[in-house]
Amino acid sequence: NKTFNRVHNIDVTLLQNADKSQYWPNSISAKNFEPGDQLGYHSIESGTTPPVVASNDTYSTKSAYMARFFYGYSDRYLLTLTYRRDGNSAFGQNYPWANFPSAAFGWVFSNEPFFKSQWLEYGKLRVSYGANGNSNINPLIAVPRIGAENILNTTAGTSTVVTTPILYAANMPNYNIRWEKTTALNLGLDFCMFAGKVSGSIEAYKGKTTDLIMTRGLPILTGFNNIITNLGRIDNKGLELTLNTKNIERPNFTWQSSLN
């Protein structure tokens with residue numbers, strides 16, 4: 001952060017983040033304990049039904065880089081530029097990284113020399129446009145997974161039934177899954193008036209979310225029922241009003257209200 005000639009203020013922020021997550025659960029279960037289930041999990045081998053053993057290992061990594069530049073002139077003109085680059089191993093091998101730029105500009109018109117008002121102490125107009133992403137997904141959503149189970153089978157030439165362990169493809173991988181991305185445009189007015197007794201904001205926004213991650217059905221001839229892919233889109237827009245008032249302020253009593 002640096003101030004020049006008392007009117008130019010510059011602030012630069014750089015960020016780097018790395019994250020690794022790994023867990024490997026193990027479980028074993030059995031049924032129909034003999035002579036009874038009083039020992040519970042202390043005697044799993046007492047179950048007459050063969051114990052079921054399961055284990056898993058899930059590993060994922062994330063990384064992010066961010067740069068932000070702020071410039072302010074005489075506390076009247078405010079400019080913020082931000083750029084993010086995020087990576088997540090949960091997405092397809094072809095699109096693990098995504099870029100999210102944003103820009104915001106504010107004008108504090110109440111600090112202008114020409115502004116004169118007896119009831120409005122603070123007024124600011126602002127506009128911003130930017131992109132953001134969603135990485136809150138299953139870390140194994142894009143990769144092929146192997147399932148295992150036991151099936152009943154008969155020995156060739158006999159009627160003896162045996163249990164046979166098998167492995168199978170549990171899902172269809174999709175190496176082209178990419179980030180869900182939301183872009184939004186915001187226009188706003190912040191104000192404070194009547195010696196701070198009334199304050200609030202008026203904001204209009206328009207947003208669009210693309211590449212929603214959804215489940216898409218597949219023809220049965222593919223061998224799979226569905227695949228996870230980028231398919232949906234959501235549009236939203238609206239107007240928000242926030243109004244705060246200080247109705248009564250006394251040494252031993254305060255009454256404030258807020259409307260949204």
Side-chain angles (χ1 to χ4, degrees), residues 1-17 64-86 98-136 179-210 212 233-260:
N1 184 283
K2 189 70 174 179
T3 301
F4 303 93
N5 299 328
R6 298 183 179 180
V7 295
H8 302 281
N9 180 255
I10 293 177
D11 184 84
V12 177
T13 303
L14 300 176
L15 171 69
Q16 193 275 333
N17 177 69
Y65 302 90
M66 189 273 288
R68 181 172 59 196
F69 172 81
F70 170 81
Y71 171 74
Y73 176 74
S74 192
D75 291 328
R76 285 180 285 172
Y77 309 106
L78 312 173
L79 175 66
T80 303
L81 301 175
T82 306
Y83 184 83
R84 284 185 60 100
R85 180 168 173 81
D86 291 81
N99 304 311
F100 305 105
S102 66
F105 177 76
W107 176 35
V108 186
F109 57 85
S110 57
N111 289 343
E112 294 286 357
F114 61 79
F115 182 81
K116 305 294 181 183
S117 176
Q118 297 181 350
W119 55 274
L120 181 64
E121 295 90 41
Y122 178 82
K124 176 184 176 182
L125 289 171
R126 50 185 169 82
V127 59
S128 64
Y129 180 83
N132 199 5
N134 175 27
S135 63
N136 186 24
W179 286 70
E180 292 182 358
K181 186 175 294 186
T182 299
T183 56
L185 173 66
N186 293 71
L187 302 173
L189 168 66
D190 301 324
F191 58 87
C192 182
M193 52 190 178
F194 302 128
K197 294 186 177 298
V198 179
S199 62
S201 64
I202 302 173
E203 184 168 352
Y205 62 89
K206 183 178 181 181
K208 177 178 66 175
T209 302
T210 57
L212 288 174
R233 166 175 166 169
I234 296 177
D235 294 293
N236 63 83
K237 57 183 176 181
L239 182 67
E240 288 189 0
L241 170 65
T242 301
L243 187 65
N244 306 305
T245 60
K246 297 179 180 179
N247 306 312
I248 299 177
E249 289 186 303
R250 297 288 185 269
N252 57 355
F253 180 76
T254 301
W255 175 25
Q256 299 179 350
S257 59
S258 178
L259 174 66
N260 192 311

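Computed from a prediction, not measured in an experiment: that's the story for all the values here.
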Q. Above 12 or not: heavy atoms from other molecules or residues under 6.0 Å from CG of Asp75?
A. no
**Q.** Euclidean distance, Arg68 CZ relative to Thr82 OG1, rounded to 0.5 Å
**A.** 6.0 Å
Q.
Measuring only between side-chain heavy atoms, which start at C-beta, is Asn236 closer than 4.5 Å to Tyr205?
A. yes
Q. Less than 4.5 Å apart, any side-chain heavy atom of Asn1 and any of Phe70?
A. no
Q) Out of curiosity, Met66 CE to Arg84 CZ, how far, rounded to the nearest 0.5 Å? A) 6.5 Å
Q.
So if I apply the side chain to side chain donor-acceptor pair (under 3.5 Å) rule between Thr209 and each of Thr182, Asp235, Thr183, which one comes out positive?
A. Thr182
Q) Under 4.5 Å between any side-chain heavy atoms of Leu120 and Ser110, yes or no? A) no
Q: Look at the aromatic rings of Trp107 and Tyr77 and report parallel, tilted or perpendicular, splitting at 30° and 60°.
A: parallel
**Q.** Close side-chain approach of Leu239 and Ile202, heavy atoms under 4.5 Å
**A.** yes
Q: Using a 4.5 Å cut-off on heavy atoms from C-beta on, say whether the side chain of Phe105 contacts that of Leu125.
A: no
Q: Could you verify whether a donor N or O on one side chain and an acceptor N or O on the other, from Asp190 and Tyr122, lie under 3.5 Å apart?
A: no
Q.
Walk me through whether Leu78 and Val108 qualify under side chain to side chain contact (heavy atoms under 4.5 Å, CB included).
A. CA-CA 8 Å; Leu78 312 173; Val108 186; 4.2 Å; yes
Q: Look at the aromatic rings of Trp179 and Phe100 and report parallel, tilted or perpendicular, splitting at 30° and 60°.
A: perpendicular
